[in-house]
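Report on one structure; see the data block that follows.
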There are 2 protein chains.
Amino acid sequence: MAVTIREVARRAGVSISTVSRALSGQQRVRAENLRKVQQIVNQIEFCPSAVAKSLVSRTANAICLVLPKPTAKWVSNPFFMELIRGIVARANRSNYDIIISSGASEQEELKEVSRLFRGGRVDGAILLSSRKEDAVIDFMKMNGYPFVLIGRSDKYDGIWSVDTDNRAAAGGAVNHLVTMGHKRIGFVSGPSNLVVSVDRMEGYKRALRENGLTWHPEWVFEGELLLNSGYRSLSYFMNQPDRPTALVVYDDLVALGVIRALNKLEIKVPDDLALVSFNNIPLAELSIPPISSIDIGIYHLGDTAAQVFIQNMQHANSEFGGPKRLIIPHELIVRESSMIPIHIF
Amino acid sequence: MAVTIREVARRAGVSISTVSRALSGQQRVRAENLRKVQQIVNQIEFCPSAVAKSLVSRTANAICLVLPKPTAKWVSNPFFMELIRGIVARANRSNYDIIISSGASEQEELKEVSRLFRGGRVDGAILLSSRKEDAVIDFMKMNGYPFVLIGRSDKYDGIWSVDTDNRAAAGGAVNHLVTMGHKRIGFVSGPSNLVVSVDRMEGYKRALRENGLTWHPEWVFEGELLLNSGYRSLSYFMNQPDRPTALVVYDDLVALGVIRALNKLEIKVPDDLALVSFNNIPLAELSIPPISSIDIGIYHLGDTAAQVFIQNMQHANSEFGGPKRLIIPHELIVRESSMIPIHIF
DNA sequence: CTGTTAGCGCTTTCAG
DNA sequence: CTGAAAGCGCTAACAG
């Protein structure tokens with residue numbers, strides 16, 4: 001901030017333009033001048049004003065992250081921090097800044113994002129999750145702002161996205177449980193307006209079908225509900241003679257809650273009920289018992305999203321293949337919660 | 001971005017300066033012109049370029065958050081996300097942007113932060129945690145960049161900081177355990193280079209003294225160690241006749257790990273050993289058993305840090321009282337993990 | 001109260 | 001290859 005390009009030019013005894021050219025590295029500068037400029041730059045630790053650069057280049061070299069509404073404890077899910085870490089690490093390495101934005105209501109959220117874009121502070125956004133009806137996605141689309149979605153959009157096609165194959169992952173969980181001898185497998189879902197939650201549920205249903213198993217609506221629980229007031233319903237179903245012997249849970253944190261609820265009902269995991277969940281946050285391993293979980297490579301997901309965005313920015317006009325959807329591989333980590341094979345028929 | 005102040009001026013039939021004055025709200029503009037300008041602004045959704053503003057005002061209206069090195073799973077502690085939420089919410093409300101920065105090594109970290117400051121992208125920083133020897137703090141101090149520290153610095157005095165009274169909090173935990181009849185109370189500490197870890201340990205020791213209890217070095221465990229390879233040592237001490245009957249643990253996540261380790265050793269919480277930990281992240285409640293934890297108001301901590309920074313910025317030259325240290329109140333939330341009073345003498 | 005004029009620090013023409 | 005000049009969008013200082 002303190003030292004400008006003008007000062008460098010003065011000291012090096014060349015014009016500002018020459019310094020600019022020397023710094024850009026793209027343009028021809030006489031070797032002697034180049035050397036002189038580089039020396040001064042190092043000496044006085046010159047660092048060009050990102051702000052001035054932005055003004056003239058009309059790009060911000062910054063990406064906005066929209067935090068899901070801080071409604072729930074949901075955001076404090078380590079999932080997001082891991083995602084953010086992946087994004088920030090990659091972005092910084094490419095000299096992009098990450099700006100975090102949030103808002104108390106959906107409207108405030110949009111206002112905030114709008115301010116960032118219209119003010120020229122960001123070039124685009126990475127959306128950390130997608131709802132079925134997502135005002136932020138609509139907003140981006142409508143204004144033609146570039147963005148990468150982590151997840152999937154039901155509504156729009158041609159958008160850049162990075163995602164897990166959640167259906168396949170859920171299928172993998174079911175298959176694993178089937179292998180362990182389970183035939184009555186339930187599902188604990190997340191908020192039904194989250195695409196990820198729906199996808200996982202669909203994968204679960206499909207896998208049941210493919211395994212020739214029947215699907216009972218009573219075996220599907222709403223996770224949020226479960227944790228707040230659903231003890232009774234859980235208790236009821238778990239006391240039926242044909243209760244599920246295994247559960248696929250859409251998120252580790254929810255799985256933790258489920259285990260606690262089951263614990264109160266004196267249902268033991270995995271002895272009485274097996275459990276597989278999603279995301280494989282560090283906590284899955286610390287749980288009692290440790291939870292089998294599908295590692296979806298959260299950091300990698302974030303890293304890739306940032307890469308996609310940045311590449312896309314740099315090749316914006318070169319028709320760089322058009323919108324694409326990338327899938328990050330997942331892997332089931334088997335732990336105690338699903339390790340006891342059973343044979344109840 | 002698309003529409004400039006020039007356009008507004010043209011449409012309103014006034015000069016650019018008038019529009020600028022009308023927008024600033026600080027200066028006198030004829031009512032008629034004011035109205036006209038406001039109308040146009042709303043109509044074409046004019047939003048002044050934050051970048052241009054930055055260039056001329058030499059302020060960025062942005063704060064940098066330095067993520068602790070992504071070494072450990074530590075960062076994925078919900079603690080940080082909660083802190084960030086608090087900061088972002090407050091900052092955005094005051095039209096400040098939050099830029100997240102990180103680096104693989106301490107050196108990269110500094111380079112990243114330096115780039116942000118020198119490039120004029122940020123006005124200052126909020127440091128999310130402090131090590132005993134903290135290069136980032138040194139760097140800020142040395143360059144005179146404004147910052148607020150969440151935590152405490154051993155090394156420097158006159159710096160703005162927002163903190164928990166960790167000694168008192170730890171004392172509270174000890175007192176609570178004493179009330180429940182415990183006399184042999186151990187401590188599980190965090191990395192010894194973290195100020196917060198040290199403070200909590202000191203509070204623990206002091207409280208023991210004040211309660212007339214003796215402090216045994218063997219009753220103090222290094223948390224990190226414990227989780228990785230310390231089962232054996234834990235096992236050893238827990239089998240001594242005079243083993244602790246209660247533990248104060250410096251962080252919820254570590255407490256979770258401890259519970260799991262104890263579980264393997266068939267030591268039951270709270271029946272055989274009581275537990276109190278710090279931070280009260282949502283998980284503390286989901287644990288089996290639910291963990292007594294000291295709620296330090298993480299969100300509030302973040303919110304306050306942002307407030308302090310912003311106020312300080314705005315009154316920078318008016319000698320706004322000089323550096324200060326704010327303490328956010330804490331509260332012990334008692335749960336099952338410490339609920340069974342014991343009387344072993 | 002208003003318009004004109006000069007920049008903020010940098011990139012980018014356009015002549016040399 | 002180089003320097004001078006124009007301008008990115010806005011604010012601030014100066015005459016009216």
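Atoms considered below: every heavy atom in the structure, side chains included; atoms not considered: hydrogens, waters and symmetry mates. Each chain gets a letter, A, B and so on, in the order its sequence line appears, and its residues count up from 1.
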Per A/Arg6 side chain, nearest of listed nucleotides C/dC8, C/dG3, D/dC8: C/dC8

Nearest-nucleotide 5' precedence on DNA chain C, B/Thr18 against A/Ser57: B/Thr18

Between C1' of C/dT12 and CD1 of A/Ile5, the distance in whole Å: 12 Å

A/Arg21 (side chain) and D/dG3 (base): donor-acceptor pair under 3.5 Å: yes

Atom-pair distance (CZ on B/Arg58; P on D/dA12), nearest Å: 12 Å

Polar pair under 3.5 Å, donor/acceptor by atom type, side chain B/Ser17, base C/dT4: yes

B/Ser49 side-chain N/O to D/dG9 phosphate OP1/OP2 under 4.0 Å: no

Spacing of A/Arg131 atom CZ and A/Lys155 atom NZ [to the nearest 0.5 Å]: 11.5 Å

Whole-Å gap separating P (D/dT11) and CG (B/Asn61): 12 Å

Distance, rounded to the nearest Å, where B/Lys36 contributes NZ and C/dT2 contributes C1': 13 Å

Side-chain N or O of A/Thr4 closer than 4.0 Å to phosphate OP1/OP2 of C/dC8: no

Parallel, tilted or perpendicular: rings of B/Tyr96 and B/Phe309 (30°, 60°): perpendicular

Atom-pair distance (CZ on B/Phe46; C1' on D/dG9), nearest Å: 8 Å

Between C/dC10 (C1') and B/Arg121 (CZ): distance, integer Å: 14 Å

Atom-to-atom span, CG of B/Asn33 to C1' of C/dC1 - whole angstrom: 9 Å

side-chain contact (heavy atoms from CB on, under 4.5 Å) partner of B/Leu83, chosen from B/Ile298, B/Ile126, B/Asp303: B/Ile298

Whole angstrom value for the distance that separates C1' of D/dG3 from CD1 of A/Ile16: 10 Å

Pair B/Asp123, B/Tyr145: side-chain N/O donor-acceptor within cut-off below 3.5 Å: no

Sugar-phosphate only, base, or nothing, as touched by B/Val29 at under 4.0 Å among non-hydrogen atoms: sugar-phosphate

Donor-acceptor under 3.5 Å (B/Asp134 side chain, B/Val136 main chain): yes

DNA chain C: 5'-proximal contact among B/Ala52 and A/Val56 (nearest heavy atom): B/Ala52

Most 5' of A/Leu55 and B/Ser20 on DNA chain D, judged by nearest nucleotide: A/Leu55

